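The structure displayed is predicted, hence computed values, not measured ones.
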Amino acid sequence: FTYMKKRTILLKSYLDKNFSLLEEKELFKSSWIFIGLVDEVPENGSYKFVQLWSKSYILFNDDGKYQFFRNVCPHRGSQLIHCSGKGSIK
């Protein structure tokens with residue numbers, strides 16, 4: 001494995017796009033990832049924008065029902081929210 005020497009990740013690995021893709025596939029797509037707390041979207045209609053690698057997601061409070069989904073329109077493929085951080089759609 002060319003990205004490691006003994007049990008240490010080589011510095012060049014952090015700048016390598018292939019390593020990033022491998023890391024995303026092997027480590028992060030197979031386990032839970034912490035993206036925030038429900039306290040960060042306390043009111044109905046509030047949301048939190050989350051960027052993970054090249055994809056963006058939304059944590060959304062829908063009247064106390066918390067939803068997490070890709071920030072993309074399933075019909076057109078366009079981004080739904082063009083911002084970062086938190087907000088409200090009231």
* Asked: Counting distance only, does the side-chain N/O of N71 pair as donor-acceptor with the main-chain N or O of I58 below 3.5 Å?
  -> no

* To do: Measure the CZ-NZ distance between R70 and K55 for me, rounded to the nearest 0.5 Å.
  => 6.0 Å

* Hey, which of Y66, F69, F68 is the one that makes side chain to side chain contact (heavy atoms under 4.5 Å, CB included) with F60? -> F69

* Should V38 and Y57 be regarded as members of a common hydrophobic cluster, given that ILVMFWY residues are connected when their side-chain heavy atoms come within less than 4.5 Å of each other, either directly or indirectly? -> yes

* Taking the side chain as every heavy atom from C-beta outward, state whether D16 and L22 have any pair of such atoms under 4.5 Å apart. => no

* What is the minimum heavy-atom distance between G64 and N61, and which atoms define it? -> N-OD1, 2.7 Å

* Asked: Is a side-chain N or O of D63 found less than 3.5 angstrom from the main chain of N44, in a donor-acceptor match?
  -> no

* **Hydrophobic cluster identity match, I35 and F49, side-chain contacts under 4.5 Å** => no

* Would you give the length of the straight line joining atom OH of Y14 to atom CD of E23, rounded to the nearest 0.5 angstrom? => 8.0 Å

* For residues S56 and Q51, report the shortest heavy-atom separation together with the two atoms involved. => CB-OE1, 3.5 Å

* Structure fact -> What one should report as the nearest heavy-atom pair of D62 and Q67 is OD2-NE2, 3.2 Å

* Between NZ of K86 and CG of L59, what distance do you get to the nearest 0.5 Å? -> 10.0 Å

* Structure fact -> d(F19 CZ, L10 CG) to nearest 0.5 Å is 9.0 Å

* To do: Group every Ile, Leu, Val, Met, Phe, Trp and Tyr by side-chain heavy-atom contacts under 4.5 Å, then state whether V41 and V50 land in the same group.
  => yes

